[in-house]
Each structure stands twice: as C-alpha cells, then as structure tokens.
Amino acid sequence: MVQYGLDYTRCRWILPLMLGIAVIFGLIALAGRGWLESETLPYQHQASLWESCTKFNGEPDWTCISLMDYAWGRAAAATFLVGYIILVICFALAIIAFAIDTLRFNFIRGIGGLLFVAAVFSVMGLVIYPVKFTNEIDMEGVNMFSWAYGFAWTTTIMEIGLGFFFCCLPNYEDEILGNVKPTYFYTSP
C-alpha cells in the first residue's frame, strides 16, 4: 500500500473495507446466540450476550432467563455495545476521510485513537461476560464459549490492529502522497 500510495485506487479503500468487515463481525456477535453452548445430553445450554437458555432432553421448549436482570450482564452488554457504536462511528469517519481527495492525516490518526478506545470497551465486556457468567449461572455438563463469542473477539482484535494502522499511516504521509523523491539502489558502472 505504501509503495503505490493511497492514490492507487484499489489500495485506498483497504482500511475502510477492513473496518466494514469488523462492523459486520460485531453485528454477528451482538445478534448471535452462540456465546456459550452445551450439547451434553440430557442437558442443553445456549447463551447470547442478552439471555441464557436451557433445555432438558424431555422438554420441547427452551427455558430462558434474561442476563439483563444481572448487573454484570448489563455491564457486559453495555461495554461491548459502546465499543461497537464507537467502531461504527470510526467506520463512518474512515469513509469520509478516504473519500476526500486530499487526505487529512491528523483526522486519520484520530480514527486510530478512537479504535483503541473501542477496543478497550470491547475487551472489558468480553472479560466481564465469561468470568461472571461461569460464577453466577448454574451450568451442567461440558460448556464452551462458541462462535458468536469468537466473532466478538475477532472484532476486538481487528479494532486493535486497525488502530495501529490508522495511527501509523500519517508517519508515511510524504511517501503516500508522492512528495519524496524515489531512491534507486542501482548504480551504473
């Protein structure tokens, strides 16, 4: 990306595209019912960020309790949701920043800072959830944190990685904009 500069049309939109993928992964994590799963018969357990459902082998319906009745459930949901909202704001700001013909590099560094703030909120929610869930909710059999919880961690890792990219990009401003004379390592005899 630095070799061709951000004027190279396909490379210009890589960072906003990666932010868009992180937004999609975060939405899957927020809506998914696979934060915790258990298939150890005769007991089945499924949990999301919002509720925990159990079912025994003979029962036709799931018995669900809301995690919003617990203070830690509200805290985990609120912190992850705040991190997700900041991520969506960063995505919108990145679209605006890269759509302008002349890039505003101080603006891009601010997006990186916001991504680190979003990552802090997301990590707080992702640590509160499993610690308090395993202490407060009765579970039987083998339970595992599953695919939706994995999508939440993937979103958080992308926030951290993209935060580094957005913060470091202004360091290469002259190279990206083509203001530096290229140096050639080939010397003629």
Side-chain angles (χ1 to χ4, degrees), residues 1-35 48-51 67-68 71-131 145-182:
M1 186 163 76
V2 174
Q3 179 181 0
Y4 296 109
L6 285 180
D7 287 334
Y8 190 63
T9 318
R10 288 181 285 194
C11 291
R12 184 181 187 103
W13 293 100
I14 288 176
L15 292 177
L17 175 70
M18 293 298 290
L19 272 176
I21 292 170
V23 167
I24 291 169
F25 284 177
L27 186 62
I28 291 170
L30 284 170
R33 286 185 55 115
W35 279 60
S48 69
L49 185 60
W50 314 104
E51 65 182 359
L67 295 180
M68 298 302 109
W72 61 266
R74 289 189 301 271
T79 54
F80 190 75
L81 195 59
V82 166
Y84 181 74
I85 290 170
I86 294 172
L87 176 66
V88 170
I89 291 169
C90 288
F91 175 64
L93 291 175
I95 294 292
I96 293 168
F98 285 95
I100 299 171
D101 287 334
T102 58
L103 288 172
R104 306 281 189 246
F105 282 95
N106 53 356
F107 189 54
I108 291 173
R109 189 167 279 157
I111 294 171
L114 277 176
L115 283 170
F116 284 123
V117 171
V120 167
F121 277 106
S122 298
V123 166
M124 285 191 312
L126 290 172
V127 169
I128 291 170
Y129 183 84
V131 169
F145 290 97
S146 191
W147 60 271
Y149 188 67
F151 271 106
W153 272 109
T154 304
T155 301
T156 304
I157 291 167
M158 289 180 77
E159 288 170 348
I160 294 168
L162 289 168
F164 279 114
F165 275 118
F166 274 94
C167 284
C168 292
L169 196 60
N171 294 340
Y172 300 100
E173 179 177 2
D174 290 331
E175 288 87 353
I176 291 170
L177 295 176
N179 296 335
V180 174
K181 183 178 176 183

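Below, all heavy atoms of this structure are taken into account, side chains as well, without hydrogens, waters or symmetry copies.
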Inset, instruction - Apply side-chain contact (heavy atoms from CB on, under 4.5 Å) to the pair Cys167 and Phe116, showing each step before the final yes or no. - result: CA-CA 10 Å; Cys167 284; Phe116 284 123; 3.8 Å; yes

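With sequence neighbours left out, Arg33 forms a side-chain hydrogen bond (donor to acceptor under 3.5 Å, both in side chains) with Gln46, Glu51. Scanning for ring pair (Phe, Tyr, Trp, His ring centres under 6.0 Å) contacts around Phe25 gives Phe151, with sequence neighbours left out. In this view, Trp147 satisfies the ring pair (Phe, Tyr, Trp, His ring centres under 6.0 Å) rule with no residue, not counting sequence neighbours. Partners of Val23 according to the side chain to side chain contact (heavy atoms under 4.5 Å, CB included) rule, which considers only residues two or more places apart in sequence or in another chain, are Tyr84, Leu87, Val88, Phe91. Remark: Ser48 engages no residue in a side-chain hydrogen bond (donor to acceptor under 3.5 Å, both in side chains) (not counting sequence neighbours). Residues that satisfy the side-chain hydrogen bond (donor to acceptor under 3.5 Å, both in side chains) test with Trp72, not counting sequence neighbours, are absent from this structure. Residues satisfying the side-chain hydrogen bond (donor to acceptor under 3.5 Å, both in side chains) criterion with Ser122, sequence neighbours excluded, are Glu159. The side chain to side chain contact (heavy atoms under 4.5 Å, CB included) test applied to Ile85 returns Leu81, Ile89, not counting sequence neighbours.
Annotation for Gly34 and Ser146: closest pair O-CB, 3.1 Å, computed over non-hydrogen atoms. Across Ile108 and Ala97, no two heavy atoms sit closer than the pair CG1-CB, 4.3 Å. Across Thr155 and Gly26, no two heavy atoms sit closer than the pair OG1-N, 3.1 Å. The nearest pair of heavy atoms linking Ile160 to Ala119 is CG1-CB, 3.6 Å. Closest approach of Val127 to Val131, counting heavy atoms only: O-CG2, 3.3 Å. For Ala75 against Ile128, the heavy-atom pair with the smallest separation is CB-CD1, 4.3 Å.
Other residues, nucleotides and ligands contribute only 12 or fewer heavy atoms inside 6.0 Å of the CZ atom of Phe121.
Side-chain atoms of Trp50 come within 3.5 Å of backbone atoms of Leu30 as a donor-acceptor pair (strictly under, hydrogens ignored).
Just one residue in the list Val117, Leu115, Val120 forms a side-chain contact (heavy atoms from CB on, under 4.5 Å) with Ile86, and that residue is Val117.
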Could you pull out all donor-acceptor pairs under 3.5 Å where a side-chain atom in residues 14-21 meets a protein atom, sequence neighbours excluded?
none

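Side-chain contact between Phe80 and Tyr129: absent, with no pair of heavy atoms (C-beta onward) separated by less than 4.5 Å. Between Tyr149 and Pro130 the shortest side-chain heavy-atom distance falls below 4.5 Å. Contact check for Leu126 versus Trp35: side-chain heavy atoms found under the 4.5 Å cut-off.
For the atom pair CG of Leu114 and CG of Leu162, the computed distance is 13.0 Å after rounding to the nearest 0.5 Å.
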